[in-house]
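Below: the structure, in structure tokens.
Here the structure is a predicted model, which is why all the values come from computation and not from measurement.
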Amino acid sequence: MEQHTRRARVLDALTAEQAWEVPDGWLTGVREQLRTWADDPLALRPGAFPEFVEGTPAAVWFAHQVAPLLTGWIPVLRGEYADVSAAVTRDFYRPPARLGAGHLVRVAATDWPLLVLSGARGFNEEGRWQALRLSRDVVNLFADAPPMAARAQALIAGFDRVLGDREATRMHVAADYATIAQFWRTTVLSDAERAVLPELGGPEAALKYSLDSLRDAHAKLSAVVVDDEAPEFAQLLARLIRATGLGGQPAAVGQILGAEGWDVEGALAELRGGFDTQAWLARNADWLGRAIAQDERMAARSWVAAATRVSVHLSGVLENGPWPEPEVPDLGAFFEHLDGGRAPAAEAAPVKQVAAASVTSEVPAAVELPAVEQSGALAELEALIGLESIKDSVRRMVAEIKTNQRRKELGLPTQDRARHMVFVGKPGTAKTTIARLLAKIYKELGVLEKGHVVEVDRSDLVGSGVGTTAPMTAAKFREALGGLLFVDEAYTLVPDNNPGDFGMEAVATLLKMMEDYRDECVVIVAGYHREMQRFLDSNPGLASRFPKLLSFAEYDTDQLVAIFELQAKQKGMIHGPEVLAVVRKYIPAAPRGHNFGNGRFIRNMLEEAISTQATRLSLRDPETLTERDLRELLPEDVRPATSMRAEDYLLQRPGS
């Protein structure tokens with residue numbers, strides 16, 4: 001009975017080697033300090049906090065936010081004190097307690113240590129200094145708790161560094177929040193501290209850390225628990241992507257993985273024939289069970305924690321706030337093996353489904369993170385149908401540019417990076433549209449002088465004889481100065497198995513001019529996924545010159561129908577729902593052919609419908625035609641475009 005009682009009072013973070021048996025004295029000490037702050041009439045109180053009693057000070061609310069996150073970035077917590085936030089703030093926190101068996105996953109914005117500073121933006125300098133100081137003091141509450149100690153101590157060192165530097169302190173009480181956040185991302189922490197708190201480097205750094213930790217955990221577990229059918233890392237990531245309900249690899253993941261992202265694309269293609277999420281989860285549970293049996297408990301724990309963390313990234317929680325539907329894949333079945341089939345908080349308690357507590361969703365209005373203003377070209381971007389991962393990537397680029405511009409105004413070091421990009425995706429997925437909008441956005445931000453786009457392909461860059469290619473390429477590049485050079489089907493510059501092709505000279509010329517005019521032109525190369533990988537591998541300098549990769553997913557059927565509706569409206573046409581039903585019938589079911597035109601397919605269908613309508617109306621007396629007649633499309637007007645190839649028509653027509 002004594003053993004059961006001891007097991008019940010634990011906080012078990014899967015990133016730690018073992019569960020922590022929480023001493024009653026430690027918990028009492030933390031609660032007493034929180035009550036002391038609450039009783040202080042001078043305590044910082046930015047406003048009402050959801051789910052807390054009236055008058056709760058910022059220090060108590062902040063303790064609720066940071067307690068779980070000090071155990072790890074996107075921690076997986078088990079035990080009676082899995083909801084450690086509620087345990088330490090129970091005198092102020094009023095929702096139903098979520099203590100007991102099962103496990104909790106916690107998430108937050110990557111700048112979570114600065115939440116009080118963000119909320120104090122409207123305060124005077126004294127209030128902002130107080131916010132800085134109490135942030136440090138709250139974190140110090142957890143510096144002696146084993147699962148939290150390493151991250152708490154690293155964070156305390158960062159706060160002490162700021163408080164000990166007059167200029168840094170001055171910036172925290174006077175500068176805008178974006179500048180403070182960027183300062184923490186780039187300057188405050190040492191390399192060793194940054195390794196302990198990887199998410200403070202920003203969303204990209206957090207995602208890279210999560211992917212790297214999953215790769216390492218998977219390699220270690222695969223090495224000690226041999227399974228001939230265990231997937232490679234790229235195959236594992238593809239399965240997590242499918243289990244999360246995504247249609248393809250997120251652009252941000254592809255950007256970080258680089259060439260490895262092509263292996264993920266290949267693995268996703270192999271799964272298109274069918275993927276049973278539950279069967280895959282059950283197989284992994286068996287694999288982890290064998291790890292436990294072989295005394296490789298820590299390797300199994302690390303794998304579960306890393307897989308959960310990557311699943312949270314893939315689910316979009318970090319970008320979208322509240323837990324999404326569908327949720328991240330329920331990894332709870334794995335826990336049955338970690339304790340010999342028993343949940344840690346009770347001998348025979350069932351394992352609960354993953355519960356989620358999004359710290360971001362609990363932040364009061366005063367603590368909302370700064371948003372990128374959407375106007376002009378950005379508003380045009382947001383009006384596009386679909387492309388959510390692409391929109392998110394562009395928002396991040398804009399935020400980075402604005403932050404660097406503000407840093408430059410304050411005389412701080414900037415983190416400017418090359419803006420050249422690789423766009424990968426099938427035809428008609430809006431690659432050219434996004435390139436044109438990016439050029440306009442960069443002009444609005446002052447990054448590009450003109451903001452025009454020069455669109456080229458192989459025929460514009462490669463000559464037919466010796467000595468003609470370099471001048472042609474250079475001329476097009478100079479034409480694009482002050483704007484953006486968009487190279488469509490860039491892989492055609494390096495034909496396969498033809499090393500002497502003149503296209504290699506065009507590539508070499510592009511690389512030289514990108515270096516000579518690095519701040520005067522943005523170059524985007526675009527094409528199919530696999531072909532663009534071959535293009536990047538063709539020259540050692542190519543991949544390093546294009547640090548960003550944006551992956552354009554195919555549109556789903558609903559989005560294609562919405563595109564038809566939008567484009568018809570833009571052309572002044574009207575129609576009833578029966579027209580859209582016919583459009584839907586002509587859109588092939590996924591998976592679609594390699595050359596399916598996506599948005600281009602819809603545009604051709606609309607143009608064909610308008611042409612057919614004109615032919616239909618020509619049979620009537622022009623004097624009898626009303627404005628409605630001239631604008632209205634009927635179901636019989638909709639058919640595949642005559643410009644399609646015969647095999648495309650057979651693929652697209654209803655019933656095929």
- Task: Kindly determine whether Asp137 and Arg133 satisfy salt bridge (Lys or Arg N to Asp or Glu O under 4.0 Å), including the steps that lead there.
- Result: CA-CA 6 Å; Asp137 291 344; Arg133 183 72 205 187; 3.6 Å; yes
- Scan Val10, Val88, Leu27 and name whichever one has a side-chain contact (heavy atoms from CB on, under 4.5 Å) with Tyr81. Leu27
- Query: Should Arg45 and Thr56 be marked as a side chain to side chain contact (heavy atoms under 4.5 Å, CB included) after you check the CA-CA gap, both sets of side-chain angles, and the distance that decides it?
  - Reply: CA-CA 7 Å; Arg45 304 174 197 271; Thr56 297; over 6 Å; no
- Partners of Phe233 by ring pair (Phe, Tyr, Trp, His ring centres under 6.0 Å), sequence neighbours excluded? none
- Task: Please report the C-alpha distance between Arg194 and Glu199 in whole Å, then the side-chain angles of each, then the deciding distance to 0.1 Å, and finally whether the salt bridge (Lys or Arg N to Asp or Glu O under 4.0 Å) criterion is met.
- Result: CA-CA 8 Å; Arg194 194 180 305 280; Glu199 69 273 23; over 6 Å; no
- Task: Please name all residues satisfying salt bridge (Lys or Arg N to Asp or Glu O under 4.0 Å) with Glu32, sequence neighbours left out, ordered by chain then number.
- Result: none
- Query: After noting the C-alpha distance and the side-chain angles of Ile241 and Leu268, does the key distance pass the side chain to side chain contact (heavy atoms under 4.5 Å, CB included) rule?
  - Reply: CA-CA 8 Å; Ile241 289 171; Leu268 284 168; 4.0 Å; yes
- What pair of heavy atoms forms the shortest contact from His313 to Ser210, and how long is it? NE2-OG, 2.8 Å
- Item | Lys/Arg N to Asp/Glu carboxylate O, Asp165 vs Arg161, below 4.0 Å | no
- Heavy atoms of Ala82 and Leu11 approach each other most closely as CA-CD1, 4.2 Å
- Item | Donor-acceptor pair, side chain of Arg136 and main chain of Leu132, under 3.5 angstrom | no
- Task: For Phe423, check ring pair (Phe, Tyr, Trp, His ring centres under 6.0 Å) against everything at least two apart and list the hits.
- Result: Phe552
- Thr244 side chain vs Leu314 backbone, donor-acceptor pair below 3.5 Å: no
- Message: Looking only at the side chains, is there a donor atom on one of Asp111 and Tyr177 sitting less than 3.5 Å from an acceptor on the other?
- Response: yes
- Task: Give a yes or no on whether the backbone of Leu114 and the side-chain of Ser118 come within a donor-acceptor separation of less than 3.5 Å.
- Result: no
- Atom pair CD/NE2 of Glu167 and His172 - distance to nearest 0.5 Å: 13.0 Å
- Residue Asp295 excluded, over 12 heavy atoms near CG under 6.0 Å: no
- Is it true that the side chains of Gln33 and Thr36 contain a donor and an acceptor less than 3.5 Å apart? no
- Query: Run the side-chain hydrogen bond (donor to acceptor under 3.5 Å, both in side chains) check on Gln182 and Thr179 step by step: do they pass?
  - Reply: CA-CA 5 Å; Gln182 184 70 4; Thr179 299; over 6 Å; no
- Full working for side chain to side chain contact (heavy atoms under 4.5 Å, CB included) between His64 and Phe92: CA-CA 10 Å; His64 187 275; Phe92 307 90; over 6 Å; no
- What is the distance from atom CG of Leu240 to atom CG of Leu214, rounded to the nearest 0.5 Å? 6.5 Å
- Knowing that exactly one of Leu117, Val139, Leu44 qualifies, which makes a side-chain contact (heavy atoms from CB on, under 4.5 Å) with Leu134? Leu44
- Hey, mind stepping through Glu232 and Ser222 against side chain to side chain contact (heavy atoms under 4.5 Å, CB included) and telling me if it holds? CA-CA 9 Å; Glu232 299 292 333; Ser222 298; over 6 Å; no
- Item | Glu265 side chain vs Gly261 backbone, donor-acceptor pair below 3.5 Å | no
- How about Gln18: does its CD atom have over 12 heavy atoms from other parts shown lying under 6.0 Å from it? no
- Non-neighbouring partners of Asp144 that pass salt bridge (Lys or Arg N to Asp or Glu O under 4.0 Å), sequence neighbours left out: none
- Query: Under 3.5 Å, side chain of Arg545 to main-chain N/O of His420, donor-acceptor pair present?
  - Reply: no
- salt_bridge(Arg170, Glu125) N-O dist < 4.0 Å: yes
- Message: Run the side chain to side chain contact (heavy atoms under 4.5 Å, CB included) test against Ala13 and tell me which residues pass, sequence neighbours left out.
- Response: Thr15, Thr71, Leu77
- Message: My understanding is that only residues two or more places apart in sequence, or in another chain, count here; which of them pass ring pair (Phe, Tyr, Trp, His ring centres under 6.0 Å) with Trp20?
- Response: Trp26
- Is Arg78 reaching over with its side chain to a backbone N or O of Leu14, donor-acceptor style, under 3.5 angstrom? no
- Message: Taking the ring centre of each residue, are Trp184 and Phe159 less than 6.0 Å apart?
- Response: yes
- Query: At what distance, to the nearest 0.5 angstrom, does OG of Ser311 lie from CZ of Arg309?
  - Reply: 10.5 Å
- Message: Do Leu237 and Asp263 make a side-chain contact, defined as non-hydrogen atoms from C-beta onward lying under 4.5 Å apart?
- Response: no
- Hey, does the side chain of Arg128 reach the backbone of Ala175 with a donor-acceptor pair shorter than 3.5 angstrom? yes
- Query: Can the ring centroids of Trp287 and His218 be said to lie less than 6.0 angstrom from one another?
  - Reply: yes
- Item | salt bridge (Lys or Arg N to Asp or Glu O under 4.0 Å) assessment of Arg395 paired with Glu400 | CA-CA 9 Å; Arg395 293 185 203 109; Glu400 183 177 314; over 6 Å; no
- Task: Kindly check if the number of other-residue, nucleotide or ligand heavy atoms within 6.0 Å of NZ (Lys220) is above 12?
- Result: no
- Compare every heavy atom of Leu549 with every heavy atom of Gly254, then report the nearest pair and how far apart it is. C-CD2, 4.3 Å
- Nearest heavy-atom contact between Arg185 and Leu200 is CG-O, 3.2 Å
- Message: Rounded to the nearest 0.5 Å, what separates atom OG in Ser302 from atom CG in Asp216?
- Response: 10.0 Å
- Query: Taking 4.0 angstrom as the limit, do Arg31 and Asp91 come out as a salt bridge?
  - Reply: no
- Taking the side chain as every heavy atom from C-beta outward, state whether Met171 and Val162 have any atom pair closer than 4.5 Å. no
- Item | Residues Arg301 and Asp12 bridged, charged N to O under 4.0 Å | yes
- Query: Okay, side chain of Ser190, backbone of Glu193: is any donor-acceptor separation there less than 3.5 Å?
  - Reply: yes
- Do Thr110 and Trp73 have side-chain heavy atoms sitting under 4.5 Å apart? yes
- What's the shortest heavy-atom distance between Arg239 and Trp280, and which atoms? CD-NE1, 3.4 Å
- How far apart are the closest heavy atoms of Leu221 and Ala291, and which atoms are they? CD1-CB, 3.8 Å
- Item | Salt-bridge present (Glu296, Arg290; N to O < 4.0 Å) | no
